[in-house]
*Asks:* 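Supplied in structure tokens, the structure appears directly below.
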Amino acid sequence: MSGQAFRVVAGAVACAAALATSAQAQTFPTRTVTVVVPFAAGGPTDTLARSLAQAMGTQLKQTVVIENVGGAGGTIGVARIAKASHDGYNLLLHHIGMSTAPFLYRTLPFKVTEDFAPIGLVADVPMTLIARSNFPPASFKELLPYLKANKDKVTYANAGLGAASHLCGMLFMSAIQAEFITVPYKGTGPAMNDLLGGQVDLMCDQTTNTTNQIKSGKVKVYGVTTKARVPALKDVPTLDEQGLKSFEVEVWHGLYAPKGTPQPVIDTLVRVLQIALTDPKLKTLLADLGTEPVAQNRATPAALASHLKAELEKWGPLIKAAGVYAD
Ligand code: ASP
């Protein structure tokens with residue numbers, strides 16, 4: 001083929017590819033979109049994802065389904081999306097674990113900064129330190145001496161290394177200088193069932209999974225992990241105000257597509273995410289569960305990418321210093 005003929009053919013191929021991408025973006029989505037939640041059903045990430053999926057589905061005029069892929073602190077579900085087809089039909093809703101897993105696991109089958117196309121931040125969710133309803137300490141003041149005296153017996157539920165419940169537990173144990181027996185689950189949905197059944201003692205979990213159980217008195221609460229009290233749980237003091245100075249954990253969540261998802265499809269998803277986050281039903285549900293959607297300027301690929309980078313820089317040294325590894 002002559003140089004000129006080659007350029008003509010190459011130009012035609014590039015043009016056809018651009019047309020296909022733009023046609024894809026105009027028609028996207030033509031079928032069901034799947035959002036992977038890297039934890040079991042019934043937990044906090046699942047709750048957030050399901051309400052977001054409903055609001056996004058209304059905008060996309062397609063069904064958005066949730067697929068729960070729990071295990072290994074969320075990393076199995078993340079790996080699934082890192083390798084999924086990059087056409088906009090496979091998304092991931094994940095939290096702070098995206099920035100802690102690279103330091104907790106010596107090997108991971110994905111790279112958080114290279115294998116994903118960020119879509120936007122979704123919500124920041126406070127956590128609560130809770131216990132089975134008949135756990136003996138009646139207050140946070142009674143809790144600390146009890147934990148120190150019974151640390152070989154006390155069991156602490158979490159959703160595996162890399163889960164927010166693991167991170168909160170790790171920070172709590174280090175703050176009070178006591179270690180308990182940890183019991184890992186595929187998500188704090190099933191962990192909550194065991195806490196309600198009295199099979200496990202303690203858990204630190206997001207308000208999206210604990211608010212209703214706290215309000216109905218089915219679990220005991222010792223404090224919230226944010227600097228200020230949470231409006232949905234205004235009678236629950238912060239851990240900081242009860243003496244655990246500067247103890248603060250808030251769980252940020254982001255929506256991702258696999259790297260290589262066409263830009264016009266990402267643009268559609270960003271627009272739809274931003275509209276979905278203003279949905280009154282979603283806002284009310286989240287407010288009742290102690291959180292709220294992020295402002296529009298944070299529901300963008302750039303905001304999620306820079307937040308992820310800052311969080312990697314924050315957690316890397318802390319986790320390395322703590323010397324915690326999954327393998
Ligand atoms: N977010 C997890 C879940 O939905 C729990 C966690 O991260 O601790 O189960």
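As the structure lists them, so they are numbered: ligands from 1, and atoms in each ligand from 1. Note: hydrogens, waters and symmetry copies are ignored here, and every other heavy atom, side chains too, is used. Start at 1 with the first residue, then count along the sequence.
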*Asks:* Please list the nearest protein heavy atom to atom 8 (O) of ligand 1 with its residue and the distance rounded to 0.1 Å.
*Replies:* Ser165 OG, 2.5 Å

*Asks:* Please confirm whether Phe28 and Tyr89 have ring centers closer than 6.0 angstrom.
*Replies:*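 Yes, close enough.
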
*Asks:* Against heavy atoms of Pro44, which atoms of ligand 1 measure under 4.0 Å?
*Replies:*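 Atoms satisfying the 4.0 Å criterion: 1 (N), 3 (C), 4 (O), 9 (O).
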
*Asks:* By the definition side-chain contact (heavy atoms from CB on, under 4.5 Å), identify the one residue from Leu277, Leu255, Ile275 that meets it with Met56.
*Replies:* Leu255

*Asks:* Taking the six-membered ring for Trp, is the centroid-to-centroid distance between His95 and Trp252 below 6.0 Å?
*Replies:*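 No.
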
*Asks:* Evaluate the side chain to side chain donor-acceptor pair (under 3.5 Å) criterion for residues Thr47 and Thr208: first the C-alpha distance (whole Å), next the side-chain angles of each, then the deciding distance (0.1 Å), finally the verdict.
*Replies:* CA-CA 7 Å; Thr47 298; Thr208 32; over 6 Å; no

*Asks:* For Lys186, is at least one N or O under 3.5 Å away from an N or O on ligand 1?
*Replies:*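 In fact, backbone or side chain, Lys186 has no N or O that close.
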
*Asks:* Quick one: does Thr188's side chain have a donor or acceptor within less than 3.5 Å of a partner on Asp205's backbone?
*Replies:* no

*Asks:* Is there a heavy atom in Ala40 that sits closer than 4.0 Å to ligand 1?
*Replies:* no

*Asks:* Considering only non-hydrogen protein atoms, determine which one is nearest to atom 9 (O) of ligand 1 and report residue, atom name and distance to 0.1 Å.
*Replies:*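 Ranked first by proximity to atom 9 (O) of ligand 1 is Thr188 N, 2.7 Å.
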
*Asks:* Pairs of nitrogen or oxygen atoms closer than 3.5 Å, one from Thr45 and one from ligand 1: do any exist?
*Replies:* yes

*Asks:* Tell me whether the centres of the aromatic rings in Phe172 and Tyr156 are closer together than 6.0 Å.
*Replies:*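 Centroid separation for Phe172 and Tyr156: 6.0 Å or greater.
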
*Asks:* If I apply the N/O under 3.5 Å rule, does Asp205 come out as touching ligand 1?
*Replies:*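 Among all N and O atoms of Asp205, none is under 3.5 Å from an N or O of ligand 1.
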
*Asks:* Which of the numbered atoms in ligand 1 are below 4.0 angstrom from a heavy atom of Ala163?
*Replies:* 6 (C), 7 (O), 8 (O)

*Asks:* Which ligand 1 atoms are under 4.0 Å away from a heavy-atom of Ala159?
*Replies:* 5 (C), 6 (C), 8 (O)

*Asks:* What do the steps show when you test Ile66 against Asp46 for side-chain contact (heavy atoms from CB on, under 4.5 Å), and what is the final call?
*Replies:* CA-CA 8 Å; Ile66 300 301; Asp46 186 62; 3.7 Å; yes

*Asks:* Any idea which part of His166 is under 4.0 Å from ligand 1, heavy-atom wise: side chain, backbone, both or neither?
*Replies:* neither

*Asks:* Taking only heavy atoms of His95 into account, list the atoms of ligand 1 that are under 4.0 Å away from them.
*Replies:* 1 (N), 6 (C), 7 (O)

*Asks:* Consider every N or O of Ala164 and every N or O of ligand 1, then say whether any pair is closer than 3.5 Å.
*Replies:*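 Ala164 vs ligand 1: N/O contact under 3.5 Å present.
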
*Asks:* State the atoms of ligand 1, each with its element, that fall below the 4.0 Å cut-off from a heavy-atom position in Gln206.
*Replies:* 1 (N)

*Asks:* Enumerate the atoms of ligand 1 whose separation from the nearest heavy atom of Gly187 is less than 4.0 angstrom.
*Replies:*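 Taking each heavy atom of Gly187 in turn, ligand 1 has 9 (O) under 4.0 Å.
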
*Asks:* Just checking Lys245: does its NZ atom have more than 12 heavy atoms from other residues, nucleotides or ligands closer to it than 6.0 angstrom?
*Replies:*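 Check passes, neighbour count above 12.
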
*Asks:* Verify the neighbour count for atom CD of Gln54: are there more than 12 heavy atoms of other residues, nucleotides or ligands below 6.0 Å?
*Replies:* no

